[in-house]
Amino acid sequence: MLKKKDIISISDFTKEEILYILKTAEEMNKKDCSELCKGKILATLFFEPSTRTRLSFETSMKRMGGSVIGFSGEESTSRSKGESLYDTIKIVEGYADIVVMRHKVDGSARLAAEASKIPIINGGDGSNQHPTQMLLDLYTIKQSQGKLENLKIAMVGDLKYGRTVHSLAAAMAMFNAEMYFVAPEQLQMPNYIIEDLQKSNINYHIVDNMQDVIGKVDILYMTRIQKERFPDLQEYEKVKNVFILNKKLLETAKPNMKIMHPLPRVNEISEEVDIEPHAYYFNQAHYGIPVRMAIIALLLGCVK
Amino acid sequence: MSSENIFKENLFNHKSNKNLAQELNDANLAQESKQEINDEYQQMKLGKIKEGTVLDHIPPDLCFKIINLLNLEQHGRVISAATNLTSTKMGKKGMIKISGKILSEKEVNRIVVVAPNVTYSTITDYQAVKKVKLKVPQEIVGIVKCNNPNCITNVESVQTKFKIVSEEPLKIKCNYCERTTVKEEIKLLM
Ligand SMILES: [Zn+2]
């Protein structure tokens with residue numbers, strides 16, 4: 001049984017709680033869940049639009065027989081008239097049984113959880129947290145490798161601003177992963193993340209190219225390098241092609257190696273890679289469903 | 001002049017106590033004048049207040065900052081303050097005595113955030129009735145501003161709330177946006 005009322009941040013969770021959610025997600029895939037949340041309503045409050053995350057949550061609720069209300073984008077609500085987040089949550093808690101929200105302000109989900117009587121799921125608060133993405137990443141790694149402990153994982157791309165890789169590094173540290181951070185110097189992992197890894201005695205390596213690590217790792221986690229992150233476009237031009245994954249680079253990969261990506265991708269994974277047995281990013285997107293089903297059902301008390 | 005008034009003069013009328021002020025500020029005092037200062041300090045220490053608050057063991061550079069953050073310029077009663085006093089424990093220290101004022105919990109917590117090791121005494125009828133070494137609370141509510149401009153506490157009207165990551169050196173974490181702030185970066189809400 002999950003003791004938490006809400007899912008706001010990875011820092012709220014113990015390893016046992018994470019494993020419990022993943023185990024529940026595995027069960028979701030095995031049994032008939034079509035009436036599990038019958039009569040329950042999920043409110044999707046997407047103050048900041050995110051089509052993929054919203055569709056994933058809507059699908060999850062509907063697969064369990066529940067229904068969905070909600071909005072996407074600020075224009076669709078009285079938000080544009082200046083209503084506070086607090087007021088919006090106080091109104092919606094009387095309509096729905098559970099809320100998933102996405103908001104561009106850091107810490108908004110925590111505020112909503114404090115205000116709300118019903119469970120809040122954080123679908124992304126600014127640059128802070130996106131815990132269901134982290135949980136589905138862990139679920140994907142477990143499905144692809146059969147375990148979570150003692151794996152080798154490389155994270156590639158924008159490690160400085162990428163909230164996904166920050167959460168993933170913290171989560172994989174719980175499972176004693178060895179980590180390779182592959183990024184141009186100006187987009188490397190922030191110091192506070194590295195310090196936490198040092199405190200936990202995690203083996204990590206700072207690397208500036210993919211060739212050196214592809215043959216060593218079990219998971220290659222790709223992220224997008226955004227042009228906007230570079231004040232100097234020349235700097236961007238220099239690095240943009242160094243971090244593109246193609247078929248040739250995969251020659252040294254171990255047979256069990258899987259490629260993940262939070263999507264959407266732009267050009268950092270060539271399309272020729274999609275048919276390789278290593279490609280796993282679409283599976284990853286699909287695994288969002290059992291994981292989010294498990295989260296909703298656990299918070300609603302529909303599974304124990 | 002009563003000893004209570006000497007304190008007041010020290011703080012608010014530097015000119016009339018020019019010699020003392022100069023000496024207090026001089027880091028390279030000769031042994032002789034050090035003794036003089038010590039005597040001066042002993043004299044000041046004897047000056048008791050009837051009722052109010054005494055803050056002792058203040059890091060010498062934070063004495064005036066604490067006066068500011070307590071908004072003491074609004075306080076109509078006698079306030080005395082001295083800094084760079086000789087301290088056996090700290091080398092140098094500051095001290096503030098405030099007549100007719102008992103600090104609220106919030107005021108105490110404002111002090112703790114900038115100077116965690118201050119000793120705080122409540123005085124009734126010239127006696128210290130409560131003497132406590134201040135300690136950083138587990139949660140700092142409504143005192144510190146979050147430095148992240150995109151934090152919800154800077155966007156909506158929410159009380160800030162920080163948890164302590166480490167006490168020495170002080171490092172705190174925003175309950176909402178989860179950013180950490182180190183001691184040097186801490187800004188108090190007014
Ligand atoms: Zn904050």
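Numbers restart at 1 for each chain; the letters A, B, ... are given by sequence-line order, proteins then strands. Below, each value reflects all heavy atoms present in this structure, side chains not excepted, and no hydrogens, waters or symmetry copies.
Environment of NZ in A/K227: sparse, with no more than 12 heavy atoms of neighbouring residues, nucleotides or ligands closer than 6.0 Å. Taking a 6.0 Å sphere around CD of A/Q198, one finds it holds more than 12 heavy atoms contributed by other residues, nucleotides or ligands. Within a 6.0 Å radius of NZ in A/K15, more than 12 heavy atoms belonging to other residues, nucleotides or ligands are found. With a 6.0 Å radius and a threshold of 12 heavy atoms from other residues, nucleotides or ligands, A/K4 has its NZ atom above the threshold. With a 6.0 Å radius and a threshold of 12 heavy atoms from other residues, nucleotides or ligands, B/K130 has its NZ atom at or below the threshold.
When all heavy atoms of B/E156 and A/Y86 are compared, the pair lying nearest together is OE1-N, 3.7 Å. The two atoms that bring B/C151 and A/V105 nearest to each other are C-CG1, 3.7 Å, heavy atoms only.
Atom CD1 of B/I152 sits about 9.0 Å away from atom OG of A/S84, to the nearest 0.5 Å. One distance of note links CG of A/D125 with CD of B/E178; it measures 7.0 Å at 0.5 Å rounding. We find the CZ-OG distance between B/R179 and A/S127 to be 4.5 Å, quoted to the nearest 0.5 Å. Taking CG from A/L111 and CD from B/Q159, the interatomic distance works out to 12.0 Å, rounded to the nearest 0.5 Å.
Looking at B/N148, the atoms closer than 4.5 Å to chain A (heavy atoms on both sides) all sit in the side chain, from C-beta outward.
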Exercise. Any chance you could lay out the side-chain contact (heavy atoms from CB on, under 4.5 Å) test for B/N175 and A/E114, step after step, and finish with the verdict?
Key: CA-CA 11 Å; B/N175 174 61; A/E114 287 179 352; 3.0 Å; yes

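Counting heavy atoms from C-beta on, the side chains of A/R110 and B/C177 never come closer than 4.5 Å.
With hydrogens and angles disregarded, no donor-acceptor distance shorter than 3.5 Å links the side chain of B/N150 to the backbone of A/G107.
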